[in-house]
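Working notes for the structure below.
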Number of protein chains: 2
Amino acid sequence: MMRATIYDVAKEAAVSIATVSKVVNDTGQISEKTRNHVKQVMKKLDYEPSTIATALSGKKTKTLGVLVPNIANPFFGEITRVLENIARELDYAIIICSTYNQPEREKEYITLLLRKHVDGIIIATEQLDEETLRKINKRDTPILKFSVQANPNEATGVTTNNFEGGYIAARYLFDKGHHQVGLIGDLSRDSEKKRLQGFCDYFEMQQHAIQASYIISSDSELTEAKKAVDRLLNNTPRPTALFATTDFLAIVAINSATQKGIKVPEELSVVGFDNTIYAQLCQPPLTTIEQPIEEMGKLAIHQLLKIINGEKSIPYEQIVLTPKLIERQTVSSINL
Amino acid sequence: MMRATIYDVAKEAAVSIATVSKVVNDTGQISEKTRNHVKQVMKKLDYEPSTIATALSGKKTKTLGVLVPNIANPFFGEITRVLENIARELDYAIIICSTYNQPEREKEYITLLLRKHVDGIIIATEQLDEETLRKINKRDTPILKFSVQANPNEATGVTTNNFEGGYIAARYLFDKGHHQVGLIGDLSRDSEKKRLQGFCDYFEMQQHAIQASYIISSDSELTEAKKAVDRLLNNTPRPTALFATTDFLAIVAINSATQKGIKVPEELSVVGFDNTIYAQLCQPPLTTIEQPIEEMGKLAIHQLLKIINGEKSIPYEQIVLTPKLIERQTVSSINL
DNA sequence: CTCTTTTAGGAAATCGCTTACCTAAATGAA
DNA sequence: TTCATTTAGGTAAGCGATTTCCTAAAAGAG
């Protein structure tokens with residue numbers, strides 16, 4: 001059986017399609033009687049207006065694109081969940097796009113999203129070259145950068161203060177007596193770099209600049225991460241604490257250490273970043289820097305919708321939220 | 001600047017829009033010369049055909065809906081990742097829908113998807129009442145049930161053999177000498193129930209039927225899960241092993257036990273289900289039953305596309321894959 | 001009881017594309 | 001050279017809404 005269209009409803013209700021449209025959108029002048037009648041017919045025919053047709057005739061598509069490196073990564077999974085949740089409340093759908101940090105995929109997805117006329121795009125990846133950006137702007141589709149740095153002339157941004165997060169972690173570890181620390185993070189990602197910078201800055205301020213061999217870059221691939229941790233732990237003297245720019249890396253570190261017989265936190269303290277669910281689930285529970293994801297998500301969607309509805313413009317607003325230390329059980333004090 | 005339409009291209013290239021359309025779709029008879037010329041103009045104007053308009057004029061929307069309980073749950077995150085990945089290769093986009101197991105949300109999302117004319121819907125949730133199903137069928141939008149039981153008259157299905165998975169886990173634990181085991185799982189989910197049934201069946205066969213107090217239902221909510229595990233461990237005699245219907249529950253169990261001072265696996269063995277990434281990351285690494293997600297995803301999309309393209313019909317094919325035991329370090333042998 | 005103003009609802013263009021059908025020119029056959 | 005085919009490309013209807021006029025009828029004014 002074919003789906004009912006506005007024409008079917010109009011015919012069955014013996015009115016024009018204009019009238020049906022007006023009933024659906026609650027516009028124009030329609031008598032109570034006609035309105036009710038049309039509504040009944042709509043129900044009877046199980047009529048649902050086609051978003052496709054609606055969009056073609058000038059209205060919004062009520063669809064947002066979300067670019068993340070990998071939806072299976074718990075941090076991005078959580079981000080997506082939050083965004084989706086808020087979008088749903090506002091009757092928006094979300095097309096998810098995992099780019100795996102490959103510029104190729106990113107371009108493909110952007111093209112796909114533009115062809116689908118999404119109302120806006122949320123970008124939680126670091127890539128995005130000039131040309132792609134130009135293309136998006138040309139179609140004037142609003143962009144919002146999420147949890148990654150944005151250029152105020154290009155796009156609105158909602159992030160946490162990564163630098164400050166690193167700084168907080170550093171102060172915390174330093175105060176606990178850890179002066180010999182190792183750092184691990186994905187230096188190809190700007191946000192993670194900032195976290196490390198914040199960390200390093202604090203240590204420099206304390207006259208304990210961190211040496212290069214105690215800073216290792218690794219992406220979120222399990223085997224690579226393990227190797228990176230190993231290298232870090234093989235330093236002499238061995239660091240008494242590790243700061244990882246993501247919980248994932250922190251957890252890998254805990255495991256590697258435990259497997260090597262190094263006790264966490266007695267012999268090695270670890271601080272992560274993000275406060276994903278597994279920070280609570282890992283053993284021992286991970287001390288980490290929390291990003292206020294829920295709030296960020298809410299702000300992101302609302303900001304984006306403001307731009308979509310034409311309420312904002314260049315220079316784009318940048319919202320920076322403050323991260324927070326969550327103390328659990330992976331950090332011990334060193335008595336000097 | 002407005003986006004270029006087929007009219008812009010036609011005008012600029014001094015041909016009719018029909019010609020442009022034919023060039024885009026590689027149909028009809030167009031001379032090499034005209035074809036190239038039109039292509040050049042398309043490039044010059046940065047023209048991308050609108051999926052909206054294409055869809056309205058009868059073609060596919062190239063969009064699939066995916067219903068999961070919660071995208072932030074690593075198992076479903078992984079599923080989504082796999083599905084998205086394969087969909088992308090085939091130029092399909094995915095709208096993700098987290099239902100949180102609430103029938104309300106499910107209905108909302110189904111309506112949303114239907115209005116958007118998605119070409120098909122992949123359902124990885126257990127709900128879905130009769131009426132909603134009827135609605136979907138009425139719009140004849142194909143459905144594929146993923147990792148959950150399906151009725152062959154209703155939809156195609158791709159699942160693992162949950163019963164067998166439970167059975168395998170049971171045999172493994174039994175052979176290791178565990179006769180007093182506790183079970184935890186979400187009994188409101190059919191697939192998890194099947195896993196437990198498979199498990200119980202094996203034990204019954206071995207004349208070691210499992211008592212009711214050793215079977216506890218819990219969903220994937222952290223605090224509830226913790227309570228459930230506690231109850232399980234408070235049984236006398238305390239079980240020597242636990243079988244959890246998801247890795248998440250298994251990991252919660254490991255943590256609770258560890259925190260209570262019960263050593264895993266020396267004093268308590270644990271077997272999970274799904275083999276999500278955290279099965280490798282938890283401490284100790286989790287022995288679990290793997291679902292061949294990658295393969296399931298591939299099959300799912302391909303099956304669904306077959307139906308979409310009208311190559312299949314009632315009774316719908318049911319594909320059942322075999323789960324596999326992944327041995328890691330959470331099970332010990334008991335010497336009797 | 002006219003004449004003006006509302007009110008209720010319809011006609012038709014439009015959005016950007018696909019496609020069936022049509023036609024003029026080019027080619028081939030006899 | 002003439003007639004039948006191909007070939008190349010155009011015309012126009014249709015997809016399912018929205019929206020801008022329009023107009024007839026009803027209501028109100030004087």
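The analysis underlying the following values was restricted to heavy atoms, covering all of them including side chains, and did not include hydrogens, waters or symmetry mates.
Counting only heavy atoms from C-beta on, B/S31 has its side chain closest to D/dG9 among D/dG9, C/dG16, D/dA17.
Inter-residue side-chain proximity for A/I6 and A/Y47 is flagged as met; some heavy-atom pair is nearer than 4.5 Å.
At whole-Å resolution of the value, CE in A/M42 and C1' in D/dA17 are 14 Å apart. Spacing between atom NE2 of A/H117 and atom P of D/dA17 amounts to 18 Å, rounded to whole angstrom units. As a whole-Å value, the separation of B/H37 NE2 from D/dA8 P is 17 Å. Nucleotide C/dA8 holds its P atom 12 Å from the NZ atom of A/K33, rounded to whole Å. Rounded to whole Å, the distance from NZ on A/K62 to P on D/dT18 is 13 Å. Rounded to whole Å, the distance from CD on B/E32 to P on D/dA8 is 10 Å. What separates CG of B/L56 from C1' of D/dA13 is a distance of 13 Å, to the nearest Å. For the pair B/K11 NZ and C/dG16 P, the interatomic distance rounds to 12 Å; values are reported in whole Å.
In summary, of the residues considered (B/T63, B/I121, B/L64), a side chain to side chain contact (heavy atoms under 4.5 Å, CB included) with B/L113 occurs for B/I121 alone.
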Filtered N/O pairs between nucleotides 18-23 of chain C and protein, under 3.5 Å:
unit_1 : atom_1 : unit_2 : atom_2 : d
C/dT18 : OP1    : B/N25  : ND2    : 3.1
C/dT18 : OP2    : B/S21  : OG     : 2.5
C/dT18 : OP2    : B/N25  : ND2    : 3.3
C/dT18 : O4'    : B/S57  : OG     : 3.2

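Side-chain atoms of B/Y316 and B/N151 include no donor-acceptor pair closer than 3.5 Å. Between the side chains of B/H117 and A/T51, no donor N or O sits under 3.5 Å from an acceptor N or O.
In this structure, B/S50 does not reach the C/dG16 phosphate: none of its side-chain N or O atoms is under 4.0 Å from OP1 or OP2. Phosphate proximity of D/dA8 to B/T34: absent, as no side-chain N or O sits under 4.0 Å from OP1 or OP2.
Looking at heavy-atom distances under 4.0 Å, A/T51 makes no contact with the nucleic acid at all. At the heavy-atom level, A/I30 lies under 4.0 Å from the strands shown only through sugar-phosphate atoms.
A donor-acceptor pair under 3.5 Å is absent between the side-chain atoms of A/N85 and the main chain of A/R81, judged by distance alone. Side-chain atoms of B/S57 come within 3.5 Å of backbone atoms of B/A53 as a donor-acceptor pair (strictly under, hydrogens ignored). Checking side-chain atoms of B/H302 against main-chain N and O of B/K298 turns up a donor-acceptor pair under 3.5 Å. Side-chain N or O atoms of A/E126 include one that pairs as donor or acceptor with a backbone N or O of A/S191 at under 3.5 Å. Proximity of a side-chain donor or acceptor of B/R88 to a complementary backbone N or O of A/E108 within less than 3.5 Å is not detected.
Recorded end-axis angle for the helix from C/dC1-D/dG30 to C/dA30-D/dT1 stands at 40°, based on five pairs per end and rounded to 10 degrees.
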